[in-house]
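Worksheet: the structure to be examined is printed underneath.
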Protein chains: 2
Amino acid sequence: MATLADVARHAGVSTATASRIINGSPKPVTEELRARVLAAVAELRYVPNAHAQMLARSNRNAVGVIVHDVSDPYFAEITRGLQRVATANGRLVIICNSFRDPGREMEYIDLLHAHQVAAIVIAGSGYLDSTAASELDDRMRAFEATGGRIAVIGRHQHPGDAVLPDNEEGGYLAGRHLFELGHRAIAAIAGPPSLTTTVDRLAGLHRAATEQGATIHVTHSDFTRDGGEAITAKLLAEDPSVTAIAALNDSMAVGALAAMRAAGRRLSVIGFDDMPIARDVTPALTSVRLPLTELGERAMTLALDPAADGTPRTEHVPAELILRESTWSP
Amino acid sequence: MATLADVARHAGVSTATASRIINGSPKPVTEELRARVLAAVAELRYVPNAHAQMLARSNRNAVGVIVHDVSDPYFAEITRGLQRVATANGRLVIICNSFRDPGREMEYIDLLHAHQVAAIVIAGSGYLDSTAASELDDRMRAFEATGGRIAVIGRHQHPGDAVLPDNEEGGYLAGRHLFELGHRAIAAIAGPPSLTTTVDRLAGLHRAATEQGATIHVTHSDFTRDGGEAITAKLLAEDPSVTAIAALNDSMAVGALAAMRAAGRRLSVIGFDDMPIARDVTPALTSVRLPLTELGERAMTLALDPAADGTPRTEHVPAELILRESTWSP
DNA sequence: CGGTCTCAGGAAAGCGCTTACCTCAGGACT
DNA sequence: AGTCCTGAGGTAAGCGCTTTCCTGAGACCG
């Protein structure tokens, strides 16, 4: 492995000069030396050791991202936004999948901390369990204490910069739409009850129901397509009076559609997130859209621009109802 | 930012001792010192500087992954496999999106090289353009010359460890299926002609056609859903005699379905990759499955186990036809 | 009771790079 | 002619950690 010293020796200059030439420092250097050094670099296929550079410069260049799972379309979309902004700012992005495990999240915070990232963005870890949340909070504080910056996506224990999708409002939009259509027997398929995303969307749904003096039957699943399919099958068998299903994300809504097809039933279904698949299933899915890419972009922007004063900044992004063909009057 | 020296001072020991205790080195240490050091670590919230560790240990711990785009379901699936194996081996994974830009790929190889990764896995960059390919090859050699390991997924210029999905066979399977159904006027919607994936799948299709003494009409698109929709719309308008469409990936097949729905036509459609969405569109998509997660797992395994001798290892993974409802006799 | 082992712990030499500071010519000025 | 810049380059001190080698003190032996 060629080092700077090798290059310098090869070109017959000091490491200082070689370093300056390679990094294009403002210090003036004669053309001849520059050429010699550059030739040596090419010949030796020299690639600077990033770790040594980080250590010597002690500037933080990378940023970390902790999400549930990049393969999940929801987070893939968010990640896309995060990457766009980070790359535009010349940052290296380190992505970590937490699989919603608070323990793993803490490990990753430490790992990113150890790697001297300038900032960490965390998405999809709004835990309600206060033990896990406060330990996490602890780790985050330790990171921030060293000058690191943290931005979170979604409601979160940790006080600090955050971009908040308006999940409550989205839930309300979905509920109101169903009630306006004339549905009265509505079943909600929620995600894990420990996630704030679930809680907030559900709260909106309940607000809409209360407005109508109605109630909504809630069952919990796991935000996956198969989970949605299984629970819908059960629901259809157990409660034939339900006329509409509000799934708290599109994956489960797609599963619900599959279960209905299998059972030969046709209830109204509304999804959440408006993922690309929504327009390609039959019937095309009515859904509550959250601008996921934008969510990511704004979170990364927050994370990279140091706060003017120390005040935590909070940005809200609105939800929007996208009407398609999966909802109708009973 | 607390350093090892801070911890050592705080505990009243030398940095050597502190380091040994923190890293659990085999050197024996009295319980009392161990307790003091660990207490100091907790109190100062010490997190070791990973860059300094890398530099001092000069062992390579991370691995790099270069893919087209993690948000793309195809690569998301592959990445999942890569991560599983890497994490199981205690490696940090650095993911880079190349967006199929050879220039960016080279940058990323250098970047990963600079970060001293132990290995790089590259997926989805089988370029035919020989200039780009040979420059890439150059970069890879430079990396390998320093002891780094490279594994590629898919056919590739670079001679070395590779796992190859059997795209040609998959194309053949798709073609034969359509011909067996009795189709004669078949249109293929291919991806960019510069990718080996496109070329290989197409070759299989042609082999099936030749067997039948038939030919296939080929048009090129870009592997995206919208690209598939647009080109299918055009196709339907221009050539009413076509009875079957072979899309070279599922995204384009889904687009084709949408275009057909819009035009009120019902041709047979076969996709490729058997992505999760395939079973949820209507009609459910017949597709050629490639075990993507396994592809990733095997590539990472190859990358992490140094070759027994220096011989490049090649693993083939077979394609499989998944019958659903989008294909029928004309 | 002097000599040899063992063991706990420390001193210090790097790992590969950046950069503040220093040196040494050769002009420009007075 | 002597002083002072100014440019071009080198010297060396770290950055935070690991690890080799060394030291000093008991334990043990004959």
Side-chain angles (χ1 to χ4, degrees), chain A residues 1-38 40-41 44-62 110-111 113-118 146-148, chain B residues 1-38 40-41 44-62 110-111 113-118 146-148:
Chain A
M1 179 105 203
T3 71
L4 220 214
D6 296 333
V7 172
R9 200 175 314 120
H10 207 81
V13 300
S14 71
T15 61
T17 306
S19 171
R20 291 199 267 256
I21 290 174
I22 290 170
N23 296 305
S25 111
K27 260 233 160 182
V29 173
T30 43
E31 265 321 304
E32 198 219 325
L33 283 202
R34 176 185 312 283
R36 286 224 306 270
V37 168
L38 262 21
V41 166
L44 298 174
R45 296 185 178 300
Y46 168 71
V47 176
N49 181 322
H51 296 302
Q53 284 187 229
M54 296 279 92
L55 194 56
R57 290 193 185 134
S58 67
N59 76 338
R60 302 158 152 215
N61 164 61
D110 280 354
L111 184 141
H113 184 163
H115 278 261
Q116 310 294 104
V117 299
T146 69
Chain B
M1 179 108 202
T3 71
L4 219 215
D6 297 332
V7 172
R9 202 174 314 122
H10 206 80
V13 300
S14 71
T15 61
T17 307
S19 170
R20 291 199 269 256
I21 290 175
I22 290 170
N23 296 306
S25 110
K27 256 234 161 179
V29 172
T30 44
E31 264 322 303
E32 198 219 324
L33 283 201
R34 177 185 312 285
R36 286 225 305 268
V37 168
L38 261 22
V41 166
L44 299 175
R45 297 184 176 304
Y46 169 69
V47 176
N49 182 321
H51 296 302
Q53 285 189 195
M54 297 278 92
L55 193 56
R57 290 191 184 135
S58 66
N59 77 338
R60 303 160 152 214
N61 164 61
D110 280 353
L111 183 143
H113 184 164
H115 278 260
Q116 311 292 106
V117 299
T146 69

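Atoms considered below: every heavy atom in the structure, side chains included; atoms not considered: hydrogens, waters and symmetry mates. Convention: sequence-line order gives letters A, B, ...; per-chain numbering from 1. Treat the numbers as computed from the prediction; the structure is a model and nothing was measured.
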Out of dT19(D), dA8(C), dG16(D), whichever nucleotide has its closest atom nearest the side chain of Pro28(B): dA8(C)

Can you tell me how far P of dC17(C) sits from CG of Asn49(B), to the nearest Å? 16 Å

Looking only at heavy atoms, the pair that brings Tyr46(A) and Ile22(A) closest together is CE2-CD1, 3.7 Å

Where do Leu44(A) and Ala2(A) come nearest, in terms of heavy atoms and distance? O-CB, 3.8 Å

Rounded to whole Å, please give me the gap between CD in Glu31(B) and P in dA8(C). 11 Å

Heavy-atom pair of closest approach, residues Asn59(B) and Met54(B): OD1-CE, 3.7 Å

Using only heavy-atom distances, determine whether the side chains of Thr146(B) and Arg60(B) contain a donor-acceptor pair under 3.5 Å. yes

Give the rounded distance in Å between these two atoms: CD of Gln116(B) and P of dC15(C). 14 Å

Closest contact, heavy atoms only, Pro48(B) versus Ala114(A): O-CB, 3.2 Å

Could you check how far NE2 of His51(A) sits from C1' of dG14(D), rounded to whole Å? 19 Å

Out of dT19(D), dC15(C), dG9(D), which has the shortest distance to the side chain of Leu33(A)? dG9(D)

Report yes if some heavy atom in the side chain of Val13(B) is under 4.5 Å from a heavy atom in the side chain of Arg20(B); otherwise report no. no

Would you say dG10(D) has OP1 or OP2 under 4.0 Å from some side-chain N or O of Thr15(A)? no

Using atom CG of Asn59(B) as one end and atom P of dG14(C) as the other, report the distance to the nearest whole Å. 20 Å

Choose from dG10(C), dG16(D), dC15(D) the nucleotide whose nearest atom is closest to any side-chain atom of Arg20(B). dG10(C)

To the nearest Å, how far apart are His115(B) NE2 and dG16(C) C1'? 14 Å

Whether Asn23(A) contacts dT18(C) is assessed here as follows: a side-chain N or O lying under 4.0 Å from the phosphate OP1 or OP2. Is that the case? yes

Check whether any side-chain N or O of Arg36(A) sits under 3.5 Å from a backbone N or O of Ala11(A) as a donor-acceptor pair, and report yes or no. yes

Taking only residues two or more places apart in sequence or in another chain, which ones pass ring-ring contact (aromatic ring centres under 6.0 Å, His included) with His51(B)? His51(A), His115(A)

When the distance from CG of Leu55(B) to P of dC17(C) is rounded to whole Å, what number comes out? 9 Å

Report yes if a side-chain nitrogen or oxygen of Gln53(A) is closer than 4.0 Å to either non-bridging phosphate oxygen (OP1 or OP2) of dT18(C); otherwise report no. yes

The side chain of Val13(B) lies closest to which of these nucleotides: dG10(C), dT19(D), dC17(C)? dG10(C)

Take atom CE of Met54(B) and atom P of dT19(D), then tell me their distance rounded to the nearest Å. 11 Å

Side-chain donor/acceptor contact of Lys27(A) with base of dG9(D) under 3.5 Å: yes

Between Thr17(A) and dG10(D), is there a side-chain N or O to OP1/OP2 distance below 4.0 Å? yes

Phosphate OP1/OP2 of dT18(D): any Ser19(B) side-chain N/O under 4.0 Å: yes

Taking the nucleotide of DNA chain C with the nearest heavy atom to each, does Ala16(B) or Ala52(B) sit closer to the 5' end? Ala16(B)

Any residue of residues 2-12 of chain B with a heavy atom less than 4.0 Å from an atom of DNA chain D: Thr3(B), Leu4(B)

Counting any heavy atom closer than 4.0 Å, what does Ser58(B) reach on the DNA or RNA strands: base, sugar-phosphate only, or nothing? nothing

